[in-house]
Amino acid sequence: MANPLYDTLYGSHAGKQDVFLHLPDGRTVTYAAFLDQTAQVAHALTGMGVQAGDRIAVQVEKSAEALALCAACAQAGLIFLPLNTAYTVEELTYFIENSGAALVICDGAREGDLTPVAERLGAKTATLNADGSGSLMAQAASQPTTFETVARSKDDLAAFLYTSGTTGRSKGAMLTQENLLSNAQTLTQEWRFTDQDVLLHALPIFHTHGLFVAINITLMVGGSMIFLPKFDVDAVIAGLPQATSMMGVPTFYTRLLDDPRFTGELTAHMRLFVSGSAPLLADTHVAFEARTGHRILERYGMTETNMNTSNPYDGDRRAGTVGLPLPGVELKITNAETGETLPDGEVGQIEVRGANVFKGYWQMPEKTAAELRDDGFFITGDLGVIDADGYVSIVGRNKDLIISGGYNIYPKEVELVLDAQPGVLESAVIGVPHPDFGETVLGILVAEPGASIDEGAVMAAVKDGLARFKHPRALIAVDALPRNTMGKVQKNVLRDAYGTMFT
Ligand code: MCA
Ligand code: AMP
């Protein structure tokens, strides 16, 4: 029975004794051992009563077992729904409810909080801890090491990834097997990956970058990964001499440049550094080359589209640009009001079309229709320009979004929490430049007439409701928010006023 995602990325490595994962404790996991464990996890999952097409919500730390869980979902035809480990119970409740997840897999530390929520919403729970312990692997351990792969087609859904929206409500982006496979195939070729590659993996595995771009490319070619639990400068510096390639957000590269141990000699074995998820400053690009001799390859993607553009592997990697549309991806710049295509050299909204583009937002037909045109073009919300050589530069955003250290924060979601606090009349949340995270979150508050705002209480409420990376790093009280004649808050005025707070 065919299942393109499983067969291509996983089944093709059956029986191989080559190393797939190098783990921080010195252990290695071969492809054969990984696939045995994948089959056991698939049995454990189906033993809990889940069926092909069910959503499996997963909030667990990064581990080899977490990867086996992802692979097991592919083998059993389940929809993998990874969730940021920073999300609060309040945030998770929304994702479980909205997705209609049949099973929630979480860290043991979260079990007490999440089990009642899952039960209320009709989902089962199981645990998976950072060290691989927990009820999921306990059930998997006694299962057979082969599992009959569930038949799926390339148009079947493989994953839901939630992305926040301008209204504050997160949307589940539905990704098919074809979306993931086509992009992995393209990137493998464009970036010249082979089974000799050793990818230093320090990204989280609940987002497209760390989960699909990095891991699926490795699986596509049968390469290996130095699989670090998170980005830690010491661990990355220790791993680089054994690695050939690394993918990261700009913060990874600025943190490495801040360390004198990061030198050309240390990176002599490397052939490729990829950056994405947030703008890489041209200064960082230049400093990186001066220090190491390597030119970072910057690419541009989105949760809804996987990767859209990339600087060339062999040609000119231009600082400040995100390169050229990938083969199979059509990209155009349009007028945001009329939707008309603009000539090269003019700034407009970026639209993309291709096998990489998602199938829409789960149970949100209006939002899908607003962003995904009937002809298949997806309106990214990014503003860009194409130069005479076809290179794309992102020059701004047509969406109110902050990207901090590669994590997206939609100001509306934070504003809704701030506005609900006693004494707060209204708020505006803006992103301001930050030396480490690129941008960081600032909350501007206006008090109700005669009221005073208890900042400690406001921050406590924020902490209860929102993941840490969304928290304002400072709150500023003002008498009134600047507004234009239409009454719209002028965030650019606020950004001008407070833009240098952290630099
Ligand atoms: C951690 N904190 C953050 C962030 N990360 N705050 C704001 N922004 C962040 N990104 C919090 C921590 O909880 C901590 O809070 C404090 O900030 C400082 O933590 P620190 O130890 O410095 O952080 P860290 O644990 O080292 O993490 C920073 C990081 C990490 C390594 C940059 O955020 C990261 O791995 N980012 C990658 C995100 C990513 O993969 N994005 C891809 C999205 P406290 O001080 O209270 O303890 S996919 C995507 O965007 C598309 C498809 C694409 O194109 O790729
Ligand atoms: P997400 O919703 O997490 O998938 O984030 C996607 C957004 O990240 C895009 O719409 C862009 O705004 C931004 N992004 C991704 N890669 C880059 C890049 N190389 N340069 C600038 N912005 C980027």
Within this structure, what is the [atom1]-[atom2] distance for the pair [X] and [Y], rounded to the nearest 0.5 Å?
X	Y	atom1	atom2	result
Asn216	Gln185	CG	CD	11.0 Å
Glu178	Lys154	CD	NZ	5.0 Å
Phe227	Ser63	CZ	OG	7.5 Å
Asp113	Cys106	CG	SG	9.0 Å
Leu180	Ser182	CG	OG	8.0 Å
Asp18	His13	CG	NE2	9.5 Å

Between [X] and [Y], which heavy-atom pair has the shortest distance, and what is it?
X	Y	answer
Pro435	Thr254	O-OG1, 4.5 Å
Ala64	Val29	CB-CG2, 4.5 Å
Met225	Leu67	CE-CD1, 4.1 Å
Gln59	Leu83	CG-O, 3.7 Å
Ala158	Leu5	CB-CD2, 3.8 Å
Ala173	Thr163	CB-CG2, 4.2 Å

Find out whether [X] and [Y] are in side-chain contact, i.e. whether some heavy atom of one side chain is under 4.5 Å from a heavy atom of the other.
X	Y	answer
His209	Arg299	yes
Pro24	Pro229	yes
Leu466	Thr88	no
Cys70	Tyr10	yes
Val352	Met302	no
Met220	Thr8	yes
Leu442	Ile444	yes
Val432	Leu494	no

Lys/Arg-Asp/Glu bridge criterion (N-O < 4.0 Å) met for [X], [Y]:
X	Y	value
Glu371	Lys399	no
Glu90	Lys470	no
Glu366	Arg169	no
Asp25	Arg27	yes

For the residue pair [X] and [Y], confirm or rule out a side-chain donor-acceptor distance under 3.5 Å.
X	Y	value
Arg152	Gln177	no
Ser153	Asp155	no
Thr149	Gln75	yes

Please answer whether the main-chain N or O of [Y] pairs with a side-chain N or O of [X] as donor and acceptor at a distance below 3.5 Å.
X	Y	value
Tyr94	Ser170	yes
Asn129	Gly108	yes
Lys62	Leu228	yes
Gln37	Ala33	no
Thr305	Gly301	no
Thr127	Ser135	yes
His43	Thr146	yes
Thr115	Gly112	no
His471	Met459	no
Asn183	Met307	yes

Within the 6.0 Å centroid threshold, strictly below: Phe378 and Phe358: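 Yes, the ring centres sit under 6.0 Å apart.
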Trace of the side-chain contact (heavy atoms from CB on, under 4.5 Å) decision for Asn84 with Phe95: CA-CA 11 Å; Asn84 193 321; Phe95 298 124; over 6 Å; no
Tyr162 and Phe160 aromatic ring geometry - parallel, tilted or perpendicular at 30°/60° bounds: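 Perpendicular.
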Mutual orientation of the aromatic rings belonging to Phe262 and Phe273 [parallel < 30°, tilted 30-60°, perpendicular > 60°]: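 Ring orientation, 0 to 90° scale: perpendicular.
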Derivation of the side-chain contact (heavy atoms from CB on, under 4.5 Å) call for Leu175 and Asn306: CA-CA 9 Å; Leu175 294 156; Asn306 298 287; 4.0 Å; yes
More than 12 heavy atoms of other groups within 6.0 Å of Gln490 CD: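 Yes.
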Among Leu418, Leu475, Val441, the one residue meeting side-chain contact (heavy atoms from CB on, under 4.5 Å) with Val462: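 Result: among Leu418, Leu475, Val441, Leu418 is the only option passing the side-chain contact (heavy atoms from CB on, under 4.5 Å) with Val462.
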Identified side-chain contact (heavy atoms from CB on, under 4.5 Å) counterpart of Leu187 within the set Asn356, Ile217, Val274: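 So, applying the side-chain contact (heavy atoms from CB on, under 4.5 Å) to Leu187 and each of Asn356, Ile217, Val274, only Ile217 qualifies.
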Intermediate values then yes/no, side-chain contact (heavy atoms from CB on, under 4.5 Å), Leu203 and Phe252: CA-CA 9 Å; Leu203 285 159; Phe252 285 19; 3.6 Å; yes
Glu65 and Leu136: CA distance, side-chain angles, deciding distance, side-chain contact (heavy atoms from CB on, under 4.5 Å) verdict: CA-CA 10 Å; Glu65 290 78 7; Leu136 179 71; over 6 Å; no
Salt bridge (charged side-chain N to carboxylate O under 4.0 Å, His left out), paired with Glu439, selected from Arg397, Arg495, Arg473: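 Checked Arg397, Arg495, Arg473 against Glu439; only one passes salt bridge (charged side-chain N to carboxylate O under 4.0 Å, His left out): Arg397.
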Lys NZ or Arg CZ of Lys367 over Tyr361 ring: under 6.0 Å, within 45°: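 No, cation not above the ring by the 6.0 Å, 45° rule.
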